[in-house]
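Heads up: the structure comes next, in structure tokens.
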Amino acid sequence: MPLNDFPALSVDSSRLPRHVAIVMDGNGRWARGHGLPRHEGHRRGKDSVRAVVEAARELGIPYLTLFAFSNENWHRPSTEVSFLMQLFHRYLITETKRLMKRDIRVVALGETDRLPPRVRQALAATVEATRDNRTMTVAIALSYGGRQDVVNAVKAIAQSVADGKLSPDEIDEQTVARELTTGGLPDPDLLIRTSGELRISNFFLFQLAYTELYFTDTLWPDFRERDFLAALAAYQLRERRFGAVSNGADHPLRAQN
Ligand code: FPP
């Protein structure tokens, strides 16, 4: 359904978040609620991914991150992990043409070397094929953990210090931000988590410092354009102060937004 068919949820296109990150949760509960096996929830969750990517693209949101698989998710039953890997593979194979047509660049976040070779190769092919697309960036976090991200950044910085390329005095927030898997992406302005869970669950830890958090009871497989617009409308009602006062001197982070 075209976005302008939701007039009640109109959003101000001049004040959109630059980067929206989403923790897509509730696939299993959606399936259980419909008397279906868990994997049916994941399968339907893929349709929500397409709907939200297209809505964000149509609205002109330049960055969208999808938390698709956490480091902790490796501990799920092997049949579920295999199904998810197959689903990601299928998504990458079938969706790349569509992403190209819409000028969408895909980047991968996380410890993607832990993915099965087939998924890794499909991911690398999609990233490569879409690398020059400019209208929007979709970041897919696969095998991602916020703490591991920070640990990996610390290791890289320690190595630069050990190699004599960097002095400890030179390390600042930008140094750390650059070494995170998100290096090069702006911090999210808005985090959406579906399914009523009120946790960060080891998602972006450093990156969420000033992010507006939006939680909804809607389960991910039911989350579509209307729900995305509702999240954006709620975001636009927030006053972002970045730790400063309402009408006080501008904080440098506010100037970026
Ligand atoms: C969390 O729901 C969801 C996941 C672990 C997988 C996310 C994957 C998708 C949405 C599929 C498509 C994604 C892409 C990028 C093509 P859960 O299983 O933890 O649900 P529960 O908490 O209700 O059990």
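Order of appearance sets the numbers: ligands from 1, and atoms from 1 within every ligand. Residue numbers start at 1 and run along the sequence shown. What's counted below: heavy atoms across the whole structure, side chains too, no hydrogens, waters or symmetry copies. Please read these numbers as outputs of a predicted model, since none were measured by experiment.
At least one N or O atom of Arg38, backbone or side chain, sits closer than 3.5 Å to an N or O atom of ligand 1. For Tyr91, no nitrogen or oxygen atom sits less than 3.5 Å from a nitrogen or oxygen atom of ligand 1, counting backbone and side chain alike.
Thr218 and Thr194 share no side-chain donor-acceptor pair at under 3.5 Å. A side-chain donor-acceptor contact under 3.5 Å links Asp163 and Gln159.
At a threshold of 4.5 Å between side-chain heavy atoms, the hydrophobic network of Ile, Leu, Val, Met, Phe, Trp and Tyr places Ile171 and Val150 in one connected group.
The side chain of Leu87, and not its backbone, has at least one atom closer than 4.0 Å to an atom of ligand 1 (non-hydrogen atoms only; side chain from C-beta on). Contacts of Arg44 with ligand 1, taken as heavy-atom pairs under 4.0 Å, are absent altogether. Within the 4.0 Å heavy-atom criterion, neither part of Phe69 lies near ligand 1. The parts of Asn27 lying near ligand 1 are both backbone and side chain, judged by heavy-atom distances below 4.0 Å.
Taking only non-hydrogen atoms, the option from Phe67, Trp220, Phe223 nearest to atom 10 (C) of ligand 1 is Trp220.
At the shortest separation from atom 6 (C) of ligand 1 among protein heavy atoms lies Ala68 O, 3.4 Å. The protein heavy atom nearest to atom 5 (C) of ligand 1 is Asn73 OD1, 3.6 Å.
Using the six-membered ring where Trp is involved, His19 and Tyr63 have ring planes that are tilted, between 30° and 60° apart.
Taking 4.0 Å as the cut-off between side-chain N and carboxylate O, Arg131 and Glu128 count as a salt-bridged pair.
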